[in-house]
Each structure stands twice: as structure tokens, then as C-alpha cells.
Amino acid sequence: MAPKQNSKTKETNKESALEQAISKAVGRAGGVKTAAKGTAKKAAGKPEQRKPAAEKKEGKTLKITDKTATGTAGKRTKTPAEKRENKPAEKRRGKPATVKETVLAAAEAAGKAAERGGKKGKSKAKSAPAGAKLRIIPLGGLGEIGKNLTVYEYEKDIIVVDCGMGFPDDEMYGVDVVIPDISYLEENAARIRGIFLTHGHEDHIGAIPYVLRKINPPIYATRLTAGLIKIKLEEHRLLKQAQIHTVEAGMTIQAGAFSVEFIHINHSIADAVAFAITSPVGTVIHTGDFKIDVTPVTGAMADLARLGQLGNEGVLALLPDSTNVEKPGHSESESKVGARFDELFKDCDKRIIVTTFASNVDRIQQIINYAAKYGRKVGITGRSMENIMRVSTELGYMKVPEDVLVSMDRIKSVPRNKTVIITTGSQGEEMSALYRMAFSEHKQVDIDAGDRVIISASAIPGNELTITKVIDELFAKGAEVIYNRIANLHVSGHACREDLKMMIALTKPKFFIPLHGETRMLHQHAHLAKEMGVDPANIVVSGIGHVIELTADSIRENGEVPAGRILVDGSGIGEVGSVVLHDRKHLADEGMIVVIMTMSGEDGTMVSAPEIITRGFVYLKESEDLMEEMRRVVHESIVSCENQRITDWSTIKSKVKSNLSGYLYKNTRRSPMILPVIIEV
Ligand SMILES: [Zn+2]
Ligand SMILES: [Zn+2]
């Protein structure tokens, strides 16, 4: 629902929305009628605008629910070969000495499995009718980090992989969430057979509550991912209408012409999967975020054998994660971080406060393990951290030794050097628990020299400043802060170059479409594929909204569908249009001037001298002269209107506005937002 006003209505809306607010304030104070009132009612004021929009959405969702409820229940099948393949995963994990050995073992297993599987892969896909095409349309995650969403389309059937949100940049004042434009999916809602989710990170599931207000297809996800979605939908009161199906790695879901196989891979959250998506055109591998961890903290190593088997059977296209393509080597194992915790917990006589990404269940598990090892009690603080603890322990992804957890209310009764607090705020997010601790706003925790604060995360690009601010504040309070830049306290969840090469080597794709990355990363990844022998003509570096058409022996971009960013405000309901955003930026950059003119309702003459209020523009005490000049400009504008017998208030207001803005720009080179308000007496 992108704003589609022309510039004229934009201007009107902008003005009247703010005027309305000001008038209200002024009106309340003085009990007077304002000139702005008449237009304000139909104007797009922020709170007024949201409600009808939300109602509209609700209505739509209901309609679509009815539609999909009949047609598209997914079938889960697990072929004997898959069952066979799945079992040895635990065994295979064993104790592989090196990555290389592991890969060799995996490749060997893949070869054997391929022999065993025989023609299984080919029998699954009926051969495509002549001219049939697989259309792949990324609606997010290309040329950007975040809001991952990819559409797969074969004839009348559509499936969606991932449904993520992005994060606002500094220019988006007051915007909390960025989601992909899904108008293409709304238009084709009846054709969508399912949303398939690779893992539970926000950039892959975060847009679901917003998307489900518009379309409501069945959702397929592994257990932990499903658990995290349920919390999210509960918060948005959408859980009842959602159709969530839990799927295990190794299983295959039939969705229209597609069959989607869930393949276990490693990442910085448990229960992540890649998909092998088979349509009559062939099998496409969509990795989602992945890494290869040969010594994972929980669960098995990525199912490289299955990927290799698919490679031997013939993979039409690979759509891999490009996030870490700029990083050489292999990504490190999650277990490595544990050893660092051991060192930092051992012989420490302070209270320990650790922050990490709430979704990194394995990391949290390791913190708890070392806390238990050194006889410490653990308190959990921060909403997302509490949520993940609840879901992951309920579902068995986390094992907490008995009597280790204490509630934050009771934590003060435990000696400080026997305490570990696990908290949110690894990105320095305002309002997060760590932020509140640093700025003395946390109810249960006061930071002082008796604290060792461990920040077990790297800054997501764009967050460096906020996190350093928190680190500085913690140091200033006397705490010892150990952070990733000076100590190895974090490993990435994304495959580095050598792992990415391995993925290409195993799957041997004919076509290559890099996903998940900013433009330069996608090009780097394309380059890497070329090095690995993929025909350059078979590689497409695409963009959001582009339609990529695949047949069994061709690939090309053909046309575009609407794509972009939808900005969502804090309430989680209202979408913020470019007008509101522009206002916020304007206010932040230049400040605001309100001109209050009291006019006679009878003859339209000025009753008293104009009043000027500024916010965020100049420091008043030092600019009395400027204020005086502004009052003069306003006064002259009104007098000139009177002389010209102009009595229409909106004309008077626009004269005042343009004269004042011209004066200010000439004398101060600034253009604050100017809001003329006429009070009728
Ligand atoms: Zn992820
Ligand atoms: Zn991601």
C-alpha cells in the first residue's frame, strides 16, 4: 500500500495533518475555533489515517482466508530414500577432524546415496511441457541486507520462500520496520500454495504479521521457526487465523506443481533449512542463510550428503546466501565461542552480564552451560531474550540444568560473583535491557565496577555507533567491557568464500542466481561461481522485482513486477508513507516554526500582534533580533493582504508562509517547516 498521491495532495495532507495537531493544541489551550479545522477532518492525520487502513486490511484478510482454506493443504511425504538419508546424519557428525575430510566424506556419501537413490530424483519431476517456465521473482534481499522474500512461480502455482523484514536506516525517523512490497502477491493471492521459511531470523520471518493481514496461505516451517512465528503472531493477534504447519528436515511438502524438500543446514539459529524446490522444469536449491559447522553446539552438521546427492541428480539452479562472500576462508564453528566463555567465566569474581543476538539459541546455551560449570545462577532480561528462552526450552532446543535460572526479581539475593545475566541489546538498541542498564534505567541492574560485561556479537552494519555509545557508557560506569572488536566473542552464521565454493561444488548447478546480499556481494558471488566453472552466460545477478525465467536449458530476465519498501510505524499497524517520512526528516533537519495569527471573525483584520513559536530551529535567547524580524515579516504580509482586500484565510496563510520562508532562507540559509495557524475571535 505505497502512497500514491500526487504531489499536490501530498502538500495539502502534510500541511493539514500538522496544522490539525497544532490547532488542536492551540484550541485546547485557548478554547477557540481555528481556521484549519475545516480541512483537518478529511486530512490524512497520522492517527486518523491509520484506522481505516487497518480496517481495510482486516476485511481483506478475512476474504482471502476463506479462499485458501479450501484448496491447498500441503501433503507431507517422506520417501524411504530420504528416511535412509536422514538417519545417518547424527552418525556422520561423529568427530570429523577437518573440514576437508568432512567434505570428502560427505561427497563420498553423496555418491553412494546417488547410486542407491537411482532414478528417484528424475522420477519426482514430471518432464515439463514445451515452453513451460519456472519464474523466480525476488521481492527482497537483493541489493540490500534484509527483507528476504523470493517468489517461485510455475504456471498457475506460486510458492513463497521467506517473508522477512528489513531495518530502517537513519533517515527513516520513527519507522520501526521495513517490509517488502507484496502487491504482486496480493494480486495473485489465490494462486499461492504456501509460504516456506528457511529459519527464524527476523530478516526471514519478520514481515509475516504484516503480510498475513493481506494474504493468508499455509506456512511451512521447522519447529523452532514455527515456534518463533507463533509468538510473533500472538503479539499481533493473528495466530488464530494463521495456518502453520511444522515440518522436519528431510521431509518434502507438495505444494501445487512444486515439491519442496527441507534440507538441514547450519546457521546462527537452530533448525535452519535449505530448500530443494522441484517443479517440472527441474530442481532449484535455495540455501537460505547457511554455514557449514562441522562441530555444531546442538544438532547435526549441514546435510552436505543430500546436497551432493541432488547435485549428482542434476540441479537446475542454485540460489545461495551471499552475505559473507567478501570474507575469505571457512566460517568458524559456533563451539569456538564456548572456549572463550570458559576463559572469561573462570576465576572471574565479578557479576557477569552477557549480551548476544536473542535468536542465537546455541550461543545462549553455551553461556548457560559455562554459568552452570562455575556455579553461577542465570537471570534473563529483555523481551526477545525471554521469548526465545521460553520457546526453545519448550521445544527442546535448549537444555537448562535444574536450579540455574532465577527470576530477575530474585537475582539481587544471589551473590554478585555467582550471577550471570543474559540480556538483549547486543546492537545497542535503545530501550533494550543492556541500553537501559548502561543509562541507569534498568529496574533490577545497576552497573558498576563489580561488573564484567561481555558483548558476544558483531555490529550489524549501521549499528556501530549505537553500540559504541553503550560500550562507552558502561566503561564510564566503571564496568569492565569485553567486546568483539578486541576479543573473539562471535562467529558468523554465514558461509565464507570457501564454504560458498563447497556449496557450488556439491550442487553443481547449471544456473546461478546469488541471493541475500548488497549489490557488490552479489557480483562477488557471481565471480566466484565463474571461478568454479559455472558458465558466465548462466549467471544472473538480479534485483528485486525482476522476473527471472528458467527453462531446462535457458535463463533470462523478462519483465518486472512491483517491488520496494513499505515502512511500518511503531504501532505495528500503520504504514508510513513518504509524506510523513519527509515531514519527519524535515523537522529533524531544520526544525519548525509555528505562526499564530489572531484575526477577527467579523472583518478578517488582525486582532493582536502575531505570535511565533519555534522548535528545533534557533536558540531563542540568542536570536531575539531574528524573532523580531520574523514577526515584522508576518505583520507586513498580513497588512499587505488587508490592503489587497484578501480575506480568504488559506490565501493569507500561504502568503505568510512564503514570505517568511523566503526571508529565512535569505538570512539564515535554512528552511524550517512553517505552520501558519489562524485563530478566529
Ligand atoms: Zn539468518
Ligand atoms: Zn538473513
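Computed from a predicted model, the values in this text were never measured in an experiment. Every heavy atom of this structure was used, including side-chain atoms; hydrogens, water molecules and symmetry mates were not. Note that ligands are numbered from 1 as they come in the structure, with each ligand's atoms numbered from 1 the same way.
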Show me the donor-acceptor pairs within less than 3.5 Å that the side chains of residues 504-511 make with the rest of the protein, sequence neighbours left out.
residue	atom	partner	partner atom	Å
T507	OG1	M503	O	2.7
K508	NZ	N312	OD1	2.9
K510	NZ	A552	O	3.3

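Scanning all heavy atoms of the two residues, the minimum distance from F262 to E248 falls at CB-O, 3.8 Å.
T424 and R383 are not linked by any side-chain donor-acceptor pair at a separation below 3.5 angstrom, with hydrogens and angles left out of the test.
Salt-bridge formation is detected for the pair R306/E261: a Lys NZ or Arg NE/NH1/NH2 atom is positioned less than 4.0 Å from an Asp or Glu carboxylate oxygen.
The residue from I244, L233, D162 that alone fulfils the side chain to side chain contact (heavy atoms under 4.5 Å, CB included) condition with I208 is L233.
The six-membered or imidazole ring of F290 lies away from that of H267, with a centre-to-centre distance of 6.0 Å or more.
Distances under 2.8 Å from the Zn ion (ligand 2) pick out the protein N/O/S atoms D203 OD2, H204 NE2, D289 OD2.
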